[in-house]
Amino acid sequence: MKILASYSIKGGVGKTATSVNLAHLAATHGYRTLLFDLDPQGASSFYFRVRPSEKCKTKFFFSKEKKLQKNIKASDFPYLDILPAKLSFRNFDIMLNYMKKSTTRLHKTLLTLKKEYDLILIDCPPSISLLSENVFNAADKILIPLIPTTLSERTLQQLTTFFSTHGYRNKKLIPFFSMVQSQKKLHKDAMTRLRKQYPHLLETSIPFSADIEKMGVHREPVTAFAKDTTGAQAFMALWEEVESKLACTKKKRALSI
Amino acid sequence: MERQLLRYHLPKRFSANKLQQLLNTKYQIYQQALPSQTLIFYDTFEWLLWKKGFVCWYFQNQLSLQRRDHFCSPYDLYTLDTLELPSPPEILNIAPSTFAQKVQKIIKARALTPTAEVQFASTLLDCKDSEGKTRLRLQLDTLQSQSQPRHKVKSLIVQPLKGYTTDAHFCQQLLTQNQCEQTSKTLLGEMEAHGLIQPSHYSIKPTFNLTPDLSVHEVISKITSHLLALARLNETGIVNDIDIEFLHDYRVALRKIRSLTTLLKHAFTTEKFNELKTSFGELGKQTNILRDLDVYLNHQADFTQLLPDSLQSGLHILFADFQQARTLEQNKIKKHLKSRNYLKKIKQLETQFQSSASLCHGPLANEPILKVAKERIYRQYHVIRKKSKRITPETPDEYVHDIRIACKKLRYLLEFFADLFPENEITKLVNALKKLQDHLGLFNDLCVQQAFLQDYYHNQLKKAHHPTEEIYQLCLSVGGVIAVLYQKQLQARNKVTNHLSSFIDKDVRQQISHLFSTAEGEKHENTCELQH
Ligand SMILES: Nc1ncnc2c1ncn2[C@@H]1O[C@H](COP(=O)(O)OP(=O)(O)OP(=O)(O)O)[C@@H](O)[C@H]1O
Ligand SMILES: [Mg+2]
């Protein structure tokens with residue numbers, strides 16, 4: 001089982017769009033996939049029309065394997081399950097407290113699912129907090145969507161510095177360009193500069209696209225409702241690159257209907 | 001993420017619309033009807049795939065292989081393997097592929113033919129909540145036999161989705177209230193129960209259900225009738241040339257009958273015995289050439305491996321020749337099996353053995369079978385023992401062949417009369433004997449093949465007035481093969497000697513005495529050499 005996170009210090013850069021589409025693609029490629037919606041806003045769950053279980057007590061959410069299992073819900077796509085963590089903010093605080101005790105808690109909890117899934121994708125909320133450190137420990141790779149601007153340069157810089165100073169391996173980080181508007185000179189210049197500075201930036205960039213925006217209306221991954229559009233195609237290319245970096249393996253078994 | 005399926009058996013008038021009505025109160029139902037299509041199952045004559053836990057089917061221009069207990073729908077995407085095929089053939093000859101490899105591992109020289117054909121229709125029902133999220137999936141399958149429309153299965157699968165157990169419970173309750181019964185059967189199980197698929201019980205090694213109190217003539221009638229019926233079941237397969245195992249089984253059944261009559265020959269008058277022996281002998285002989293050619297052609301790849309590249313062209317000529325000869329011979333056998341003469345003869349034998357009391361007038365006819373079986377087995381073992389003791393590296397090959405025949409007789413005896421003795425003891429003996437027989441059989445094959453090839457080679461030379469380049473190549477290759485076969489024969493003989501000595505050793509001997517010795521048997525032990 002591999003764990004992949006979609007993470008950024010910044011908000012609104014395409015973390016959720018990336019998680020939702022890559023999770024759908026992984027499942028269509030036969031990986032038994034779990035999308036873990038770690039954002040209290042529950043955006044990824046929303047895209048899959050999944051509501052969280054009514055009485056979700058955070059205290060138990062992470063402490064007991066069975067409780068975690070109970071909160072998992074099947075999506076409408078084969079091989080893809082969703083773990084919604086849409087919580088009241090009070091409960092979210094409890095979760096943070098719980099994670100504060102150790103930065104490897106999340107990892108340990110997720111490992112209990114290793115027999116059931118080939119891939120867990122975590123959609124993170126924007127922040128750098130104790131929760132984030134739990135993500136850094138748990139994830140095999142961390143996807144960083146970057147909107148090509150000067151500001152992004154700074155935030156990526158911040159993140160790599162944090163990694164180096166806190167003993168995390170920079171190799172885990174997989175930055176790629178998101179919401180790219182190639183007609184903007186500002187974007188083009190930033191991309192050239194950043195590619196020089198970070199040679200391991202993924203080749204694929206996700207364009208700014210109206211189809212991706214429409215996901216909110218359709219409440220489905222763009223790779224499901226409009227798989228021939230440039231936006232969906234870009235996510236497919238992104239998945240292929242990520243798949244080879246993850247070296248994830250499938251366990252094939254008979255599935256129903 | 002394992003998903004559990006609940007299967008329901010539906011009452012006669014229960015339709016997809018009725019189901020929709022029931023669920024409409026709580027869900028938005030999205031119904032998708034998959035139109036009725038032909039579903040064809042394939043297996044070998046004796047259902048080898050089925051017996052080994054597999055199932056193979058043709059659906060929507062695709063051939064699929066799956067584990068039997070994993071089969072839940074012909075639409076299943078997650079099968080062991082699939083193969084595109086434009087149309088479903090009568091005899092499935094699969095081109096080399098991973099699919100073919102997987103299947104051949106199980107079915108060996110057998111061929112796949114259609115075993116069942118049904119019309120398969122399916123309706124998918126997605127039950128969604130107000131946000132459009134699927135809470136529950138249902139699939140209603142209807143399977144109907146084309147030839148017998150009354151054979152019909154209606155089966156509903158409820159697929160609970162993870163995290164939505166309350167919805168599954170709701171549906172289960174609803175179904176129970178409406179006289180739908182949950183079943184633990186698989187779809188194939190349902191089909192079997194309703195006669196849509198009927199696995200064969202055919203086996204060339206049948207059990208005869210003998211009891212110790214039966215008389216010899218009753219046993220002869222029972223076994224022979226059964227074996228004759230088995231032989232006859234193979235006639236169509238030989239005539240249609242489906243695979244080479246039909247002829248093989250046909251010959252085995254006849255050979256066993258001949259053996260049985262010989263082993264119990266004193267149940268008949270001498271006259272009758274001679275008559276039967278000739279009849280069965282002739283029936284067997286007819287097919288000798290075809291069987292030989294079948295075996296060579298089936299082992300073509302093994303022969304290819306014996307020779308270097310430079311000698312391969314001669315082998316090609318040889319096998320092309322065999323193939324041609326086989327076509328002729330197959331036609332001959334086809335005509336033979338359809339001839340009035342043959343049918344008359346075999347039917348006559350069938351009726352004769354049905355009433356054994358009038359067939360068997362020999363002194364042994366009314367003896368109880370248990371005593372006779374013990375004596376025969378005991379004696380046969382000691383025949384082998386005496387013969388084996390005399391073997392030295394100098395004894396001629398013919399002598400080893402005699403032992404092979406003696407072993408085969410013992411094997412048949414053990415198999416015919418297995419019901420009369422403790423099962424595990426017989427199994428132990430048969431296994432020990434089988435190992436020995438494998439080596440004897442190999443040794444024999446190697447000798448016979450050399451002789452056959454030498455004959456063949458002389459005939460070719462004789463036929464050709466002016467030897468051509470082809471004939472030279474052929475002779476070179478045949479010579480090469482004979483040389484290798486001879487080397488293998490020498491090795492095989494060594495192994496035979498080793499296995500023989502362990503088979504006549506104390507362990508087996510004691511087991512034989514323990515199971516089969518009778519006072520009379522021991523008397524025979526001393527006289528059997530004279531008799532032979
Ligand atoms: N490539 C894109 N082209 C156009 N619109 C996009 C693209 N990617 C995301 N969006 C839109 O931008 C908004 C923010 O995207 P998204 O929710 O994926 O970002 P996020 O990083 O997860 O945000 P947050 O930090 O709030 O969790 C959404 O409305 C989404 O539909
Ligand atoms: Mg988000």
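Given the structure is predicted, the values throughout are model-derived calculations rather than measurements. Protein chains get the first letters and strands the later ones, always in sequence-line order, with residue 1 at the start of each.
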Review point. Could you state the interatomic distance from NZ (A/K73) to NZ (B/K133), rounded to the nearest 0.5 Å?
Key: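 Here the interatomic distance stands at 8.5 Å.
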Note to self: Return the OG1 to CZ distance between B/T134 and A/F48, rounded to the nearest 0.5 Å.
What the structure shows: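 Spacing of OG1 (B/T134) from CZ (A/F48) equals 12.5 Å.
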Using the test ring pair (Phe, Tyr, Trp, His ring centres under 6.0 Å), find all partners of B/Y8 that sit at least two apart in sequence or belong to another chain.
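Partners of B/Y8 under the ring pair (Phe, Tyr, Trp, His ring centres under 6.0 Å) test: none.
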Of all the heavy-atom pairs spanning A/D81 and B/K162, show the shortest one and how long it is.
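Looks like OD2-CD, 3.5 Å.
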Nearest heavy-atom approach of A/D76 to B/G132 is OD2-O, 3.9 Å
- prompt: Would you say B/R67 has more than 12 foreign heavy atoms packed within less than 6.0 Å of its CZ?
  reply: no
| Counting heavy atoms not belonging to B/K51, are there more than 12 under 6.0 Å from its NZ? |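 More than 12 heavy atoms, drawn from other residues, nucleotides or ligands, come within 6.0 Å of this atom.
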By salt bridge (Lys or Arg N to Asp or Glu O under 4.0 Å), B/D129 pairs with (sequence neighbours left out) A/R51, B/R135
